[in-house]
Amino acid sequence: MSASHFYDVCCRHKGKPVRIRTRDGCVHKGIIRNVDRNQVFLQPMGRSAGLGGFGYGFFGPGFGGYGYGGYGYGYGAYGIALGAITALALLPFFFW
C-alpha cells in the first residue's frame with residue numbers, strides 16, 4: 001500500500017492504539033499522536049511506556065516536531081516514516 005493510504009488511515013485514527021509493521025520487520029505498538037505527510041508519530045505502549053523516551057512535550061523542543069532524536073509530538077512520541085509501513089492494525093484499548 002502507498003504512503004498516502006497510510007496517511008489517510010492514520011489521520012482517521014488519531015488518538016487510537018495501533019500496531020505498525022515496517023519494511024525492516026520491526027513492530028511498533030503505540031497511540032497515534034500526530035501525522036504529517038512523511039511520518040506518523042506514536043506514543044509507545046507497553047510496560048516501558050511513560051518511563052522515558054524521546055521528546056520534551058508540546059511546550060518544549062519538538063512542538064514543530066521531527067519525531068526522532070529528541071524531537072516529537074508529546075513526551076515519549078517518536079516518528080515512523082509512512083513509506084516504511086507495510087501493515088497497520090488497530091488495537092483495542094484493553095489489549096495493552
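Remark: Arg12 pairs with Asp8, Val9 by the side-chain contact (heavy atoms from CB on, under 4.5 Å) rule, at least two apart or across chains. In terms of the side-chain contact (heavy atoms from CB on, under 4.5 Å) criterion, residue partners of Thr86 (sequence neighbours excluded) are, by chain and number, Arg21, Arg23.
Side-chain contact between Thr22 and His28: present, with at least one pair of heavy atoms (C-beta onward) separated by less than 4.5 Å. Side-chain atoms of Asn34 and Lys14, non-hydrogen and from C-beta on, do get closer than 4.5 Å to each other. A 4.5 Å side-chain heavy-atom check between Leu42 and Ile20 finds at least one atom pair inside the cut-off.
Heavy-atom minimum distance, Asp36 versus Phe41: OD2-CE1, 3.7 Å. Closest non-hydrogen pair, Cys10 versus Leu88, comes out as SG-CD1, 3.6 Å. In this structure, His13 and Leu90 approach most closely via the heavy-atom pair CE1-CD1, 3.5 Å. Between Phe6 and Ala87, the shortest heavy-atom distance links the atoms CZ-N, 4.2 Å.
One finds the CZ atom of Arg37 at 9.0 Å from the CG atom of Leu82 (value rounded to the nearest 0.5 Å).
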Under the side chain to side chain contact (heavy atoms under 4.5 Å, CB included) criterion, do Val18 and Lys29 qualify, and how do the steps go?
-> CA-CA 6 Å; Val18 295; Lys29 287 192 256 182; over 6 Å; no

Is there a side chain to side chain contact (heavy atoms under 4.5 Å, CB included) between Val40 and Ile32 once you walk through the steps?
-> CA-CA 7 Å; Val40 57; Ile32 297 175; 3.9 Å; yes

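Both Met1 and Ile80 are assigned to one and the same hydrophobic cluster, defined by single-linkage of ILVMFWY side chains at heavy-atom distances under 4.5 Å.
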